[in-house]
Amino acid sequence: MKLLNEDLLKEYGFVENVEKTNAHVKIMTREKIDIAIKNDGIYYTNMGFDYPLRDIAALRKLYKEVRSEELKPI
């Protein structure tokens, strides 16, 4: 499995959300799903909790649970 990085998120249609991005966290968004890129890793944030995402399999599983559809590259 591929480890997550910003380029891989862009490949899957995530774009930077400049309104939520700050000096410490870069937020990538696709269809109301926000992924936070921090210095120590990549996270899905929900209700104030950060859930680490290590690879594309974890992102696909999360996307399927939240959106009820498969995550496919654009």
Side-chain angles (χ1 to χ4, degrees):
M1 277 293 129
K2 294 180 182 179
L3 294 179
L4 279 182
N5 60 40
E6 185 176 344
D7 292 332
L8 192 58
L9 288 171
K10 287 179 182 177
E11 182 180 319
Y12 279 86
F14 286 85
V15 294
E16 183 177 356
N17 186 330
V18 294
E19 295 165 352
K20 294 181 179 180
T21 297
N22 62 41
H24 304 289
V25 179
K26 180 183 251 186
I27 304 295
M28 304 288 288
T29 303
R30 176 179 173 178
E31 298 177 6
K32 298 183 182 178
I33 294 178
D34 293 335
I35 305 296
I37 302 173
K38 299 180 180 182
N39 289 336
D40 61 342
I42 297 178
Y43 300 90
Y44 168 68
T45 302
N46 188 20
M47 298 179 69
F49 294 99
D50 290 338
Y51 301 96
L53 297 172
R54 298 185 62 114
D55 55 27
I56 193 65
L59 179 61
R60 284 183 173 181
K61 181 179 177 184
L62 167 78
Y63 194 85
K64 176 113 176 148
E65 288 175 9
V66 174
R67 300 290 300 164
S68 299
E69 62 185 63
E70 295 290 328
L71 176 65
K72 298 178 182 172
I74 293 184

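Sequence positions, counted from 1, serve as the residue numbers for this chain. These numbers come from a predicted model, not from an experiment.
Follow the hydrophobic side-chain contacts under 4.5 Å out from Y44 and you reach I42 in the same cluster. V15 and Y12 fall into different hydrophobic clusters, where Ile, Leu, Val, Met, Phe, Trp and Tyr are joined by side-chain heavy atoms under 4.5 Å apart, directly or via other members.
When all heavy atoms of L53 and L62 are compared, the pair lying nearest together is CD1-CD2, 4.1 Å. Across all non-hydrogen atoms, the minimal contact from L3 to L8 is O-CD2, 3.7 Å. Taking all atoms of both residues into account, the shortest heavy-atom contact from L9 to M28 is CD1-CG, 4.1 Å. I27 approaches V25 most closely through the heavy-atom pair CD1-CG1, 3.5 Å.
Put simply, the side chain of F14 reaches to within 4.5 Å of the side chain of L59, judged on heavy atoms. Contact of the L4 side chain with the D55 side chain is not registered, since no non-hydrogen atoms from C-beta on lie closer than 4.5 Å.
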Which side-chain N or O atoms in residues 65-74 pair as donor and acceptor under 3.5 Å with protein atoms at least two apart or in another chain?
unit_1	atom_1	unit_2	atom_2	d
R67	NE	E31	OE1	3.4
R67	NH2	E31	OE1	3.4
E70	OE2	K64	NZ	3.1

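To the nearest 0.5 Å, the span separating OH on Y43 from CD1 on I35 amounts to 12.5 Å. Taking CG from N17 and CZ from R30, the interatomic distance works out to 15.0 Å, rounded to the nearest 0.5 Å. With values rounded to the nearest 0.5 angstrom, N46 atom CG is found 10.0 Å from I33 atom CD1. Here the CD atom belonging to E11 is positioned 7.5 Å from the CD1 atom belonging to I56, to the nearest 0.5 angstrom.
Open room surrounds NZ on K20; 12 or fewer heavy atoms of other groups in view lie less than 6.0 Å from it.
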